[in-house]
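Letters A, B, ... are given to chains in the order of the sequence lines, protein chains preceding strands, and every chain is numbered from 1.
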Amino acid sequence: MTNHMVDLRNTDVCFLIGSNMAENHPIGIKWLLKGKETRGNTIINVDPRYTRTSKVADIYAPMRSGTDIAFMGGMINYILQNDLYHREYIQYYTNAPFLVREEYEFNDGLFNGYDGQTRIYDGSTWDYQLDGEGNPVKDMTLENPRSVFQLMKEHYSRYDIDTVCAITGTPRAKYLEVLETFCATGAPDKVGTICYAMGTTQQSKGSQNVRSYAVVQLLLGNMGRPGGGTNALRGENNVQGATDYGNLFHILPGYLGSPVSTTHPTYERYLEVQTPASGYWVNTPKFMASLLKAWWRDEDPAVSYNYIPKREGAKDYSFMNMFENMYKGEIDGLFVFGTNPMVGGPNTNKEQRALANLKWMVQSDLWFNETSEFWSYQAFDRPTAKDEYGLLTPPEIQTEVFFLPACGVYEKEGTASQTGRWVQYRWQAALPAGESDADLYIYDKLAKAVKKQYEGSTRPEDEPITRLTWDYVFTHDHTADIAQVDLEINGYYVDDPSRPVEGFPNLQADGSTACGCWVYCGMLELRNGEVHCKPKNRDNRDTSVNGLGIFANWAWSWPLNRRIVYNRCSVQPDGVTPWPGDEKRVLIQWNAEAGRWMGDDVPDFGATVAPDAPGGTNAFIMLPEGVGRLFATKGSMREGPFPEHYEPWESPTQNVLSSQQVNPMGLFWEPEKQGRPEDYPLVGTTYRVVEHWQSGALTRNQPWLSEAMPHMFVEISEQLAFERGIKNKDQIIVSTSRGEIKAYAMVTKRLRPMMINGRETHQIGMLWHFGYKGYSTGDPANRLTAHVGCPNSRIPEYKAFLCDIRRA
Amino acid sequence: MARMTNLYDTSKCSACRGCVIACKDWNQLPGEVRKFSGSYDALEDTNGDTFTIIKMLEHEDPVDGLSWNFVKYQCMHCFDPACKQVCPAGVYSITEWGAVVQDLDKCIGCRYCEYGCPFMIPKYRKRVDLSTKCTLCNDLVGQEDYRGLPTMPACARTCPTDALVFGERNELMRQAEDRARFLQANGFPRATIYGKLELGGLNKIYVLTDTPDKFGLPVDPKVSGTISGWQNWIQPYAAWLIPLALAGSAISFVTTRLLANKYGDHDEAHQEGGHE
Ligand code: SF4
């Protein structure tokens with residue numbers, strides 16, 4: 001989230017798309033509902049299905065799965081055609097006035113630079129025109145036909161209301177109601193927020209979906225202001241932490257790029273390539289040197305850089321490709337911690353077969369689940385004989401499986417980073433049950449055992465392990481090692497290892513500081529000679545003057561306890577004047593006397609950079625050009641500078657906006673298994689319910705929650721049920737080209753057929769929580785989904801696929 | 001002590017069922033996997049091991065279109081409870097702050113209360129031969145939590161959206177009336193309160209966004225005339241009627257067995273691998 005949960009109460013209009021917030025963030029939605037009382041806000045919910053969230057929303061509009069960009073493109077067009085954008089905001093805080101190079105063009109669904117053979121774009125010409133000094137050329141009148149503003153206007157002119165509604169299936173009147181209500185937040189005294197979740201990201205163009213929201217928010221002047229923002233509602237607590245700490249193959253902790261063998265062969269080259277000329281990332285050498293010092297304290301960063309394994313440039317190490325490689329027999333062993341891919345992974349029929357090719361697998365979880373038991377007879381039980389990837393029996397599987405019992409979150413101590421970037425400390429509430437223990441303890445033992453294996457080795461190739469700094473002291477109650485890990489994450493001075501670094505501006509490139517994750521630098525401080533962990537702060541008094549709910553002393557928020565990022569935008573470019581009519585929602589202001597920015601929030605800006613100094617309006621400090629990108633330059637978005645609508649990989653219809661049916665750079669495995677509408681006429685999607693958690697490994701083992709939501713079901717409309725002769729509570733088979741599952745039919749009024757490009761189309765939806773273990777059991781919906789994904793994030797397309805149903 | 005009660009505002013409820021689980025947790029009630037109900041309401045009614053449920057009712061109106069009405073359902077803690085009137089064993093009493101509570105040591109499992117209750121709330125817990133229901137967390141109210149704040153029923157303490165709050169009835173009634181007026185002016189013309197006048201007053205207040213029937217609540221709940229008449233008649237003889245009632249309990253055991261077999265819910269769930 002650019003903003004945070006409490007801030008939702010400051011909004012005038014909340015646009016919830018791709019999120020069933022009431023269901024999946026039942027605590028978070030209270031702030032929206034509070035805002036209903038205090039501000040009289042309006043909540044808009046767009047979803048294929050009328051959900052618990054739709055019930056608490058003021059406006060509900062249906063939309064076919066996988067058509068977000070069409071929906072938002074129509075909104076962008078509506079904003080531009082009706083002059084509803086926040087003019088001064090986009091002039092100063094976005095790249096709307098920037099002129100784009102002449103080579104850039106867009107033609108019938110394709111941007112320039114596309115290689116049809118490799119299906120890859122060369123985005124190097126998607127860039128600004130530069131003047132003699134290398135600065136981007138701007139036209140503040142926004143009239144120049146090569147300005148981002150005019151190019152955008154032209155690009156989205158095709159997204160007229162009728163075309164959009166034909167694609168999305170939204171009734172025209174409803175669509176207009178949504179447009180009018182949300183676009184009204186373009187007025188300077190109104191602020192709207194967009195909240196989204198996995199319905200947005202889990203598509204073959206998920207990243208561009210998110211971008212389409214960000215573009216709308218920039219146009220309406222809603223970024224960096226209380227009650228605004230583009231807010232990702234994270235699907236799991238601490239998943240924010242997982243990305244911050246680099247649990248993805250392409251990044252190291254703190255979003256530093258992970259080194260590639262060809263482009264970053266040496267430390268010098270890495271810094272050269274990764275450090276831009278302007279923007280906050282100019283500090284990359286400081287962050288990288290400190291990270292290397294945290295890992296190999298006694299080594300010069302230029303040397304220890306060589307200890308980091310480098311990835312092969314073109315190779316895809318992400319989840320789906322990892323399973324593809326496993327399926328081909330290229331991977332020997334796998335660690336599975338706190339995840340249950342046999343329920344949660346896409347195309348689980350294939351992934352289950354892939355696991356059987358492993359020599360060994362280690363799983364750590366609270367209970368035995370569908371993944372730890374993937375080799376059992378039950379695991380290969382299928383409702384029908386349809387078998388796409390080969391069913392095995394236990395004697396045919398040679399994988400050796402180890403199970404490490406893990407304890408629950410309340411049985412261990414540490415921090416969790418929630419969706420609003422708040423890092424909150426959690427104390428232990430109960431002792432771990434049985435032999436179970438915390439991940440930290442398990443990893444500590446593992447690392448020490450590995451180090452022991454290499455003890456005494458003098459071989460240079462063993463140095464990454466023999467020289468590794470791993471000196472955590474394990475105490476029985478786990479507290480000492482957590483303080484040590486905290487200190488390493490926060491950063492310390494190498495010559496005074498007990499002294500925390502005060503904040504990332506203090507990190508050094510010369511190896512004198514060590515820091516495990518620079519964005520978390522500053523979460524510790526020295527108080528009366530003791531190290532104080534700010535995530536333990538629990539002062540629930542609002543620290544803002546105007547009751548904006550900043551709560552600066554409740555936990556700690558990265559970066560530097562900033563609660564709302566880009567907050568320079570909450571005041572006019574002059575740095576002092578509030579947006580007209582919005583005096584109460586100013587976060588920071590320039591104080592000329594003091595010569596610094598002051599206010600309720602920590603400035604997301606150079607603390608002493610005056611508004612009239614060079615770069616004094618560059619509110620987006622992480623970007624080299626300092627302004628929000630309506631136009632994404634230089635291939636930073638792989639499939640183009642503007643989000644463009646393409647149909648999902650499996651779609652019931654033709655793309656009517658261009659002859660490009662699917663994302664030109666989408667990731668598609670098994671093209672022969674692409675479902676066709678003749679065979680699979682229904683649009684399917686998957687989702688969760690409040691009673692269960694993710695793959696259900698926790699909740700299906702909990703009797704009360706199992707009682708509250710005991711069975712796998714598929715929601716279908718009354719019309720579809722009538723057509724197919726299916727009654728409520730009937731058992732049905734759902735099929736795709738990849739597999740079949742059995743489930744109960746839930747016939748409901750909350751889903752309706754949609755008119756898509758002139759044809760009545762049915763959308764169905766199902767839970768993905770179930771598996772065969774635990775008290776409440778059912779078939780995993782992911783036996784139906786495909787290995788198809790977004791080229792930017794490599795997230796699978798769980799949310800839109802073609803399927804069919806019949807009575808079981 | 002003033003009357004203390006819950007105010008439940010259906011316009012704020014997101015049906016997260018936190019209250020249902022909190023109730024199970026505080027009262028340590030078992031869970032059981034039942035047959036598929038055909039809707040989000042896995043539990044369609046309270047039962048001997050479930051004192052409160054959230055119903056999610058789909059409703060389609062030719063004018064207003066689709067609505068999904070969420071309603072919390074549990075004992076209403078009537079001012080003049082029928083269960084107390086009909087119980088031959090003196091199980092029921094009313095606390096000084098208004099909770100209708102049971103002394104289960106006295107319960108003989110005759111199930112008169114269940115049939116007497118206009119909301120059919122007390123439910124028979126077969127394995128122990130008792131009729132049970134919501135206690136308004138009588139064992140929790142009137143104490144202090146770790147912060148020194150007054151404790152409240154588990155459901156109200158859990159509710160994240162403040163759809164369910166706990167406090168003095170007079171104060172909450174005022175809030176409820178304000179809220180109903182606000183809703184009437186803001187898109188819910190038929191918004192109303194429930195529990196003020198029904199049955200002479202309930203110690204549970206509801207703010208409804210529509211008429212009570214849209215929430216599965218009886219519009220004008222009534223205690224059957226025979227019950228009150230009968231109660232007045234047996235009161236003097238209650239003591240010697242108990243052995244008779246015990247015999248009745250034996251009969252009821254047989255009849256409930258028959259009923260259970262007829263509806264077949266519990267036993268089948270067990271055959272399907274149900275869990276308690
Ligand atoms: S806890 Fe509150 S919001 Fe959740 S179901 Fe109960 S009353 Fe509704």
Side-chain angles (χ1 to χ4, degrees), chain A residues 20-34 36-37 40 50-58 60 62 174 689-691 699-713 715 718 727-731 743-752 774-778, chain B residues 9-18 20-25 27-43 47 49-50 53-54 56-61 65-70 147 158-163 178-179 182-183 186-187 209 269 272-276:
Chain A
N20 185 355
M21 193 179 182
E23 196 94 55
N24 297 312
H25 300 83
I27 312 292
I29 201 162
K30 81 171 175 193
W31 300 107
L32 268 185
L33 298 179
K34 276 204 167 83
K36 234 178 175 26
E37 282 168 58
Y50 187 101
T51 66
R52 289 184 198 192
T53 306
S54 319
K55 187 263 177 179
V56 295
D58 301 283
Y60 163 72
K174 269 287 161 208
V689 285
V690 68
E691 290 84 354
T699 49
R700 286 186 282 108
N701 281 296
Q702 215 288 344
W704 299 327
L705 297 171
S706 296
E707 175 182 52
M709 197 52 82
H711 299 284
M712 170 66 191
F713 61 76
E715 289 182 75
E718 289 177 342
K727 291 193 302 300
N728 197 25
K729 302 196 220 185
D730 277 356
Q731 289 214 310
Y744 287 103
M746 184 185 286
V747 180
T748 173
K749 297 182 195 304
R750 293 175 295 98
L751 267 170
R752 278 176 216 273
Y775 297 129
S776 48
T777 58
Chain B
D9 182 345
T10 178
S11 70
K12 294 185 192 167
C13 176
S14 66
C16 74
R17 295 203 162 115
V20 177
I21 305 298
C23 176
K24 288 253 170 183
D25 182 28
N27 294 298
Q28 286 295 297
L29 300 168
E32 182 182 333
V33 170
R34 289 173 172 73
K35 280 208 296 190
F36 182 61
S37 68
S39 77
Y40 275 56
D41 294 334
L43 291 159
N47 62 52
D49 292 322
T50 308
I53 56 167
I54 294 283
M56 302 167 74
L57 306 166
E58 276 177 33
H59 183 77
E60 199 164 24
D61 183 282
L66 178 70
S67 58
W68 206 8
N69 293 333
F70 304 159
R147 295 163 300 186
T158 300
C159 181
T161 62
D162 288 346
D178 285 353
R179 179 72 184 168
F182 172 84
L183 290 171
N186 286 282
T209 49
E272 284 181 1
H275 166 81
E276 282 204 18

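How far SG of Cys16(B) is from CD1 of Ile29(A): 10.5 Å, rounded to the nearest 0.5 Å. Going from atom CZ of Arg750(A) over to atom CD of Glu60(B) covers 12.0 Å, rounded to the nearest 0.5 Å. Ser67(B) contributes atom OG, which lies 14.0 Å from atom OH of Tyr60(A) (distance to the nearest 0.5 angstrom). Considering OG1 of Thr161(B) and CG of Leu32(A), their distance stands at 12.0 Å, rounded to 0.5 Å. Once rounded to the nearest 0.5 Å, the distance linking CG of Asp58(A) with CG of Asn186(B) reads 9.5 Å.
Of all the heavy atoms in Ala708(A) and Ile21(B), the pair that sits closest is CB-CD1, 4.5 Å. Gly38(B) approaches Met746(A) most closely through the heavy-atom pair O-CG, 3.4 Å. Summarising the geometry of Pro710(A) relative to Val33(B), their closest heavy-atom pair is CB-CG1, 3.8 Å, with the distance given to 0.1 Å. Considering every non-hydrogen atom in both Cys13(B) and Val56(A), the closest pair reads O-CG1, 3.8 Å.
Interface remark: Ile27(A) contributes backbone and side-chain atoms alike to the contact with chain B (heavy atom separation under 4.5 Å). Contacts of Arg752(A) with chain B are made by side-chain atoms alone, with heavy-atom separations under 4.5 Å and no backbone atom involved. Of the two parts of Thr53(A), neither the backbone nor the side chain holds a non-hydrogen atom closer than 4.5 Å to a non-hydrogen atom of chain B. Heavy-atom distances place both the backbone and the side chain of Tyr50(A) under 4.5 Å from chain B. For a residue to count as touching a neighbouring chain, one of its non-hydrogen atoms must lie under 4.5 Å from one of that chain's; by this rule Asp25(B) touches chain A with backbone and side chain alike. Contacts between Leu29(B) and chain A at a heavy-atom distance below 4.5 Å involve the backbone alone (N, CA, C, O). Gln702(A) does not touch chain B: none of its heavy atoms, backbone or side chain, sits under 4.5 Å away. With a 4.5 Å cut-off on non-hydrogen atoms, Leu43(B) touches chain A through its side chain but not through its backbone. Both the backbone and the side chain of Thr10(B) come within contact range of chain A, with heavy atoms under 4.5 Å apart.
Across Lys30(A), Lys55(A), Lys34(A), the residue that shares the most heavy-atom pairs under 4.5 angstrom with chain B is Lys55(A). The most heavy-atom pairs under 4.5 Å with chain A, out of Gly187(B), Ala163(B), Ser37(B), Gly18(B), come from Ser37(B). Among Arg52(A), Lys729(A), Met21(A), Glu23(A), the residue with the largest count of heavy-atom pairs under 4.5 Å with chain B is Arg52(A).
You'll find the side chain of Glu707(A) stays beyond 4.5 Å of the side chain of Asp49(B), heavy atoms only. Between Val689(A) and Tyr40(B), the closest side-chain pair of non-hydrogen atoms falls below 4.5 Å.
Ring geometry for Tyr744(A) versus Phe36(B): interplanar angle under 30°, hence parallel rather than tilted (30 to 60°).
No donor-acceptor pair under 3.5 Å is formed between the side chain of Trp704(A) and the backbone N or O of Val20(B).
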